[in-house]
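Worksheet for the structure shown next.
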2 protein chains.
Amino acid sequence: MALDDDTRRGPEVSLLTGLDMSHITLCPAIAFNKIVGGRYKLHILCVLHRGPQRFGEIGRSLVKGGLGKPVTPRILSRELKGMTEMGLLHRKEYPVVPKKVEYSLAPRGKALLPILSEIVRWGATGAHEDILEISQTGQ
Amino acid sequence: MALDDDTRRGPEVSLLTGLDMSHITLCPAIAFNKIVGGRYKLHILCVLHRGPQRFGEIGRSLVKGGLGKPVTPRILSRELKGMTEMGLLHRKEYPVVPKKVEYSLAPRGKALLPILSEIVRWGATGAHEDILEISQTGQ
DNA sequence: CTGCATCCTTTGGGATACTG
DNA sequence: CAGTATCCCAAAGGATGCAG
């Protein structure tokens, strides 16, 4: 009973990808949630994909596709700090006044872009809007 | 200033995919989190990808790649119910005793598999383990 | 076996005000 | 402009026990 679980450790091959996962112990799906889980992290990657942006810019960008409410600076700060510490983002501070800080995708953040592409591709079909329509009326 | 934001509404094309997103209002990344966010949903899709499984089987499967602790039935029940209501899963109840219920991927759930593949592909590089190593000691 | 009821703890997210 | 501090609320997750 090999190939029993894509997420289990052991000498086996992923049914989804055909890749050997024997060297991996933690389920990528779970790790993915721990790394970019939460309301904003994925969206931040999405926004920074176009290029470096400043703290305030990111905050404003998050409002656009996020339907409505602005992100409070505390939350945004925490997200950016966490993602920077995980090595997903790069933070560049300019010694000017008023202060200027630019965030950009670090290699580890860029490595997530193929996943993001697939999510956008999925979203382009309207699937996500269909699902959210029925489950609850807009959150 | 078209192409300003992959996640914004309006007549534009995704920079990530080249797809027209003008008919979409909600950012796929945000919707993705709302739909499969949380600790188990993605993993459940992963597990059911191989075929229908029963309540208890799913619970046991989740332990394997999830590092350690078992899922309490209350949580698993809530996740499965939610995912079924969103149309991601199909629930088939057999009129036998003891009770037997099989969950399987519905079309809407299968539509998420390409994303899952990309996540596994990303995980196969070991990226997720690297990231989680540095940020916190396993948790 | 499947799943609900209760209760509790932890985490995430938000409002507001304030500083370098 | 780029954050931090404080306080608060809601949601997610977990332990335990019970029921069809």
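Values reported hereafter were calculated over all heavy atoms of this structure, with side chains retained and with hydrogens, waters and symmetry mates removed. Within every chain, numbering begins at 1; the chains are lettered A, B, ... in the order of the sequence lines, protein sequences first and strands thereafter.
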Identify each donor-acceptor pair in which a side-chain atom of residues 109-127 of chain A lies under 3.5 Å from a protein atom, sequence neighbours left out, and give them as a table.
unit_1   : atom_1 : unit_2   : atom_2 : d
A:Ser117 : OG     : A:Leu113 : O      : 3.2
A:Thr125 : OG1    : A:Trp122 : O      : 2.6
A:Thr125 : OG1    : A:Ala127 : N      : 3.2

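B:Pro70 and B:Val63 get closest at one heavy-atom pair: CA-CG2, 3.7 Å.
Residues from residues 91-105 of chain B with heavy atoms under 4.0 angstrom of DNA chain D: there are none.
Looking only at distances, a side-chain donor or acceptor of A:His23 sits under 3.5 Å from a matching main-chain atom of A:Asp20. A:Gln53 places no side-chain N or O within 3.5 Å of a backbone atom of A:Ser104 that could act as its donor or acceptor partner. Side chain of B:Asn33 to main chain of A:Gly38: a donor-acceptor pair is present (N/O by atom type, distance under 3.5 Å, no hydrogens or angles). No donor-acceptor pair under 3.5 Å is formed between the side chain of B:His49 and the backbone N or O of A:Leu16.
One atom, CZ of A:Phe55, and another, C1' of C:dG20, lie 14 Å apart when rounded to the nearest Å.
Rounded to 10 degrees, the angle separating the terminal helix axes of the helix from C:dC1-D:dG20 to C:dG20-D:dC1, each built from five base pairs, is 50°.
Residues passing the side-chain contact (heavy atoms from CB on, under 4.5 Å) test with A:Ser77, sequence neighbours excluded: A:Phe55. Listed by chain and residue number, A:Glu93 satisfy the salt bridge (charged side-chain N to carboxylate O under 4.0 Å, His left out) test with A:Lys99 (two or more places apart in sequence, or in another chain). Annotation: side-chain contact (heavy atoms from CB on, under 4.5 Å) contacts of B:Lys100 (sequence neighbours excluded): B:Arg54, B:Tyr94, B:Val96, B:Glu102. A search for side chain to side chain donor-acceptor pair (under 3.5 Å) contacts involving B:Tyr103 returns B:Arg91, not counting sequence neighbours.
Here A:Val97 sits alone; no ILVMFWY side chain lies under 4.5 Å from its own, so it joins no hydrophobic cluster.
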Exercise for the section: Scan nucleotides 13-18 of chain C nucleotide by nucleotide, 5' to 3', and note B when protein non-hydrogen atoms come under 4.0 Å of the base, S if they reach only the sugar-phosphate, - if neither. Expected result: BBB---

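Among pairs with a residue in residues 71-80 of chain B, those fulfilling salt bridge (Lys or Arg N to Asp or Glu O under 4.0 Å) read B:Lys41-B:Glu79, at least two apart in sequence or across chains.
On the nucleic acid side, DNA chain D contacts chain A at distances under 4.0 Å to non-hydrogen atoms, with the end points of that region at D:dC1 to D:dT6.
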